[in-house]
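Take a look at the structure below.
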Amino acid sequence: MPKTLTIATPKSFSFISTISSHGWSDLAPFRLDREQRRVNYVFRGPDGSALPAVISENGGKLNVVVDAVTFDKELLVLDVRHMFRLDEDLTGLYEVIADDPRLAWVVERRAGRLLRSRSVFEDLVKTICTTNCSWALTKIMVSNLVSKLGTSSLGGESAFPTAEAMASVDVNFYRAGIRAGYRSQYFVELAAAVAQGTLEPEDWLNSSLATAELKKQMKMVKGVGDYAAENLLKLVGRYEGLALDSWLRSQFYRYHNNGKKCSDERIAGHYEKYGDWRGLVIWCDMTEKWIV
DNA sequence: GCGTCCAGGTCTACC
DNA sequence: GGTAGACCTGGACGC
């Protein structure tokens with residue numbers, strides 16, 4: 001019998017804006033149901049069990065329907081608060097864009113919260129899967145990771161694999177089974193480091209390091225370059241980096257440069273006035289059509 | 001059906 | 001520190 005958790009949300013929160021904020025809700029173990037305005041996700045209990053859930057909004061609260069007999073309620077609430085960033089204060093963002101008519105919609109639609117996975121490790125692996133490939137291939141790689149290495153529930157739905165599970169297979173498995181290509185060796189090394197405790201991505205959430213230093217630390221992970229590190233920084237709540245990739249650049253050319261290519265320096269200059277929020281401002285600026 | 005290009009980049013060797 | 005070339009894959013496109 002499914003059990004329902006109800007979680008209060010802040011006034012500045014928008015469920016639909018958050019689940020539409022970027023492509024994460026299209027990556028397993030997320031599954032977005034746009035028509036029903038809800039999102040499925042498979043959580044993982046402390047014992048490693050898969051906990052399928054359906055998350056929706058009702059009257060300013062999140063309803064989380066969990067398809068499991070027993071689970072740690074407090075842990076699951078913490079996961080939901082983390083993923084939907086219920087405790088993040090975006091007042092600073094709204095202040096820096098207050099005089100910008102082009103970005104007025106951000107405040108109106110309570111946008112700016114970027115959906116994230118239940119762990120930084122999961123976001124790190126997914127980010128590496130976004131590099132140097134089409135979005136279609138990213139979805140294939142992440143889907144393979146979840147279905148082939150994740151723990152399954154009784155209903156057959158899988159959670160994102162643990163570092164231990166990812167460390168239990170070799171480079172050939174990543175190449176043939178995950179279709180990860182040259183990223184395969186990166187995943188072997190990353191999973192081993194996290195499983196052995198020599199790398200702890202969860203620490204990045206509350207790191208006391210300056211953002212530039214934290215970015216350097218992130219880039220020590222094979223497969224993480226400037227784009228990936230800055231994307232991860234956004235997911236841990238630091239927005240100084242623009243995380244420019246080919247898609248973001250093309251959108252900037254379209255909206256701000258008459259469709260013509262320009263330098264990254266020109267893009268950076270455009271958003272400099274937004275200070276430490278510039279990485280979130282450029283993302284909002286390019287994704288208005290996603291937020292309905 | 002086949003070949004080419006490129007996509008939500010990064011690493012390494014070399015200068 | 002800057003740059004060229006290699007790297008996997010799969011979908012889109014032209015022929």
Side-chain angles (χ1 to χ4, degrees), chain A residues 19-28 30 32 111 114-117 120 122-149 166 169-193 199 201 212 214-236 238-239 241-257 259 261-265 267-268 271 278-291:
Chain A
I19 63 175
S20 307
S21 57
H22 62 141
W24 252 218
S25 57
D26 257 349
L27 296 179
F30 281 107
L32 180 61
L114 301 179
L115 183 70
R116 54 189 176 187
S117 309
V120 181
E122 184 175 330
D123 280 339
L124 169 56
V125 172
K126 287 176 174 175
T127 297
I128 293 174
C129 288
T130 67
T131 59
N132 194 28
C133 65
S134 63
W135 183 246
L137 182 55
T138 297
K139 291 172 71 171
I140 289 170
M141 287 188 278
V142 175
S143 177
N144 284 335
L145 283 169
V146 171
S147 64
K148 298 184 179 183
L149 292 175
M166 286 186 64
V169 293
D170 62 15
V171 68
N172 295 321
F173 180 88
Y174 283 104
R175 286 186 186 279
I178 306 300
R179 313 304 292 169
Y182 69 91
R183 304 167 195 81
S184 298
Q185 185 60 36
Y186 302 161
F187 289 143
V188 169
E189 293 177 20
L190 169 61
L199 175 67
L214 182 56
K215 181 179 172 182
K216 281 185 188 175
Q217 197 175 94
M218 291 173 166
K219 287 179 69 174
M220 290 175 73
V221 177
K222 288 280 185 66
V224 176
D226 281 328
Y227 151 76
E230 291 180 2
N231 186 58
L232 283 164
L233 283 167
K234 290 182 183 181
L235 293 176
V236 298
R238 304 197 192 205
Y239 304 108
L242 299 182
L244 293 176
D245 55 26
S246 57
W247 183 83
L248 208 52
R249 289 187 181 94
S250 69
Q251 297 304 301
F252 181 87
Y253 304 154
R254 177 182 175 190
Y255 290 117
H256 292 296
N257 210 40
K261 287 187 178 182
C262 63
S263 67
D264 289 354
E265 288 71 23
I267 300 175
Y271 292 99
R278 55 190 177 272
L280 191 50
V281 172
I282 185 175
W283 188 256
C284 290
D285 196 17
M286 298 298 115
T287 58
E288 178 183 0
K289 290 181 179 175
W290 294 8
I291 314 294

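Values below: every heavy atom of this structure, side chains too, minus hydrogens, waters and symmetry copies. To find a chain, count down the sequence lines: A is the first, B the second, and so on, and within it residues start at 1. Given the structure is predicted, the values throughout are model-derived calculations rather than measurements.
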[X] has an atom [atom1]; how far is it from atom [atom2] of [N], in whole Å?
X: A/Asn172; N: C/dC8; atom1: CG; atom2: C1'; value: 14 Å
X: A/Gln185; N: B/dT10; atom1: CD; atom2: C1'; value: 15 Å
X: A/Asp264; N: C/dT3; atom1: CG; atom2: C1'; value: 15 Å
X: A/Asp226; N: B/dG8; atom1: CG; atom2: P; value: 19 Å
X: A/Gln251; N: B/dG8; atom1: CD; atom2: C1'; value: 11 Å
X: A/Phe187; N: B/dT10; atom1: CZ; atom2: C1'; value: 13 Å
X: A/Tyr186; N: C/dT9; atom1: OH; atom2: P; value: 14 Å
X: A/Ile140; N: C/dG10; atom1: CD1; atom2: C1'; value: 6 Å

Dot-bracket summary - DNA chain C, pairs being Watson-Crick or G-U whose distances fall under 3.5 Å, with | when paired to another strand: |||||||.|||||||

Sub-4.5 Å side-chain heavy-atom contact between A/Leu244 and A/Phe252: no

Ignoring backbone atoms, establish whether [X] has a side-chain N or O less than 4.0 Å from OP1 or OP2 of [N].
X: A/Arg175; N: C/dC8; value: yes
X: A/Lys126; N: B/dG8; value: no
X: A/Arg249; N: B/dG8; value: no

Residue A/Thr131, side-chain atoms from C-beta onward, closest of B/dT10, B/dG8, C/dG10: B/dT10

Pairwise salt bridge (charged side-chain N to carboxylate O under 4.0 Å, His left out) hits with a residue in residues 172-189 of chain A, at least two apart: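 Residue pairs passing salt bridge (charged side-chain N to carboxylate O under 4.0 Å, His left out), neighbours aside: A/Glu189-A/Lys222.
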
P spacing across the pair C/dC13 / B/dG8, given as an integer number of angstrom: 13 Å

Span that lies between the P atom of B/dC2 and that of C/dC8, in whole angstrom: 24 Å

Plane angle bin for A/Trp283 and A/Trp290 - parallel if under 30°, tilted between 30 and 60°, otherwise perpendicular: perpendicular

Sugar-phosphate, base or nothing in reach of A/Ala228, heavy atoms under 4.0 Å: sugar-phosphate

Results of side-chain hydrogen bond (donor to acceptor under 3.5 Å, both in side chains) for [X] - residues two or more places apart only:
X: A/Gln251; result: none
X: A/Arg278; result: none
X: A/Tyr239; result: A/Arg85, A/Glu88

Sequence-distant partners of A/Lys139, side chain to side chain contact (heavy atoms under 4.5 Å, CB included), two or more places apart: A/Asp26, A/Leu27, A/Trp135

Residue whose nearest DNA chain B nucleotide is more 5′ - A/Ala136 or A/Val224: A/Ala136

Base versus backbone protein contacts along nucleotides 2-7 of chain B [heavy-atom cut-off under 4.0 Å; B, S, -]: -----B

Euclidean distance, A/Leu235 CG relative to A/Lys126 NZ, rounded to 0.5 Å: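 It is 10.0 Å, given to the nearest 0.5 Å.
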
Non-neighbouring partners of A/Trp24 that pass ring-ring contact (aromatic ring centres under 6.0 Å, His included), sequence neighbours left out: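 Scan of A/Trp24 (ring-ring contact (aromatic ring centres under 6.0 Å, His included), adjacent residues dropped) gives A/His22.
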
Qualifying residues under salt bridge (charged side-chain N to carboxylate O under 4.0 Å, His left out), relative to A/Asp226, sequence neighbours excluded: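 Per chain and number, A/Asp226 pairs via salt bridge (charged side-chain N to carboxylate O under 4.0 Å, His left out) with A/Lys215, A/Lys219.
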
